[in-house]
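Here is the structure we will look at, set down as structure tokens.
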Amino acid sequence: ITDIELEDINNLITEKQIENKYLEFKSQMTDWENDNILKTVCGFANADGGLFIYGLKEQNGEASEITGVSLDGKSWDDKKLQIQDIIAGNIEPRLNVEINIIYLDNTDVIILIKVPKSWNPPHCVKNKKNRIFFIRRDGRTDPMEYEELRRMFDLNNSLIEKINNTIARHCYSIKKQQMNFFKCCFA
């Protein structure tokens, strides 16, 4: 996301880009937005990944205006750390996201959060009493259905089993080669 520039954001507006499975726009980032950040990041990770753009207003799902986001007197590093802490402290299993910024002419910025497709799904947003699993569909983020959740757990367990079997085969092959080497050397 380091190659995304202000011109690219302006093109989203010009082309009337619609929010979709891979794109989410928000005009402001406030304290009450933390839940929205978590829900959307979790949904992207459980689907195919996506890009969250803060400081871009949407109207009827279309990118419509650059509003920018205030850093509230914080440095960019402090704001980035705050976002990373919110995500790390409230999504399980942990998830790494890429965060970048586009400076505007004034003191505001556009914040970009790129969420990769997870190799360790499903992820959930945890709060004091429960854990909620989300998935990204079209231009919205929804709670996962029971059947989706079950399939994702099954897929993850199958993937882990395949990885373990591959590792075991390679270890056996290496051990066999080492034994043949020692037989050859000491025969």
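Start at 1 with the first residue, then count along the sequence.
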For this session: Show your reasoning for whether side-chain contact (heavy atoms from CB on, under 4.5 Å) applies to V97 and V41.
Result: CA-CA 9 Å; V97 300; V41 167; 4.0 Å; yes
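- The side-chain heavy atoms of Q17 and E62, taken from C-beta on, include no pair separated by under 4.5 Å.
- No more than 12 heavy atoms of other residues, nucleotides or ligands shown are found within 6.0 angstrom of NZ on K57.
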For this session: Determine, step by step, whether I99 and Q84 satisfy the side-chain contact (heavy atoms from CB on, under 4.5 Å) criterion, reporting the C-alpha distance in whole Å, the side-chain angles of both residues, the deciding distance to 0.1 Å, and the verdict.
Result: CA-CA 8 Å; I99 303 172; Q84 288 171 330; 3.6 Å; yes
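- Side-chain contact between L51 and F25: absent, with no pair of heavy atoms (C-beta onward) separated by less than 4.5 Å.
- Looking only at side-chain heavy atoms (C-beta outward), Q28 and T67 come within less than 4.5 Å of each other.
- For the atom pair CG of L71 and CG of D108, the computed distance is 8.0 Å after rounding to the nearest 0.5 Å.
- For N96, the CG atom is loosely surrounded, since the number of other residues' heavy atoms within 6.0 Å does not exceed 12.
- Within the 4.5 Å cutoff, the side chain of I87 has heavy atoms near those of the I83 side chain.
- Side chain of N127 to main chain of K129: a donor-acceptor pair is present (N/O by atom type, distance under 3.5 Å, no hydrogens or angles).
- Although no hydrogens or angles enter the test, the distance criterion places no donor-acceptor pair under 3.5 Å between the side chain of E5 and the main chain of D8.
- Pairing each heavy atom of P122 with each of P93, the nearest pair is O-CD, 3.4 Å.
- Heavy atoms from other residues, nucleotides or ligands lying under 6.0 Å from CD of E147 number more than 12.
- Counting only heavy atoms from C-beta outward, the side chains of M144 and N46 approach each other to under 4.5 Å.
- Atoms CD and NZ, from E92 and K126 in turn, are 4.0 Å apart once rounded to the nearest 0.5 Å.
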Problem set entry | side-chain contact (heavy atoms from CB on, under 4.5 Å) assessment of I66 paired with I13 | CA-CA 8 Å; I66 293 175; I13 296 169; 3.7 Å; yes
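- In this structure, S118 OG and D48 CG are separated by 11.5 Å, a value rounded to the nearest 0.5 Å.
- Checked options E148, E19, E24; the residue passing with R136 is E24 (criterion: salt bridge (Lys or Arg N to Asp or Glu O under 4.0 Å)).
- The backbone N or O of I86 lies less than 3.5 Å from a partner atom in the side chain of N90, making a donor-acceptor pair.
- Two residues are said to be in side-chain contact when any heavy atoms from C-beta on lie closer than 4.5 Å; F44 and F134 fail this criterion.
- Under a cut-off of 6.0 angstrom, the local environment of CG in N130 is crowded, with over 12 non-hydrogen atoms contributed by other residues, nucleotides or ligands.
- Proximity of L56 to L12: side-chain heavy atoms (C-beta onward) are separated by under 4.5 Å at one or more points.
- Using a 4.5 Å cut-off on side-chain heavy atoms (C-beta onward), N36 and Y54 make contact.
- Around the CG atom of N20, the shell of radius 6.0 Å holds more than 12 heavy atoms that belong to other residues, nucleotides or ligands.
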For this session: Verify side-chain contact (heavy atoms from CB on, under 4.5 Å) between I9 and E7, making sure each step is shown before the conclusion.
Result: CA-CA 5 Å; I9 303 300; E7 181 182 341; over 6 Å; no
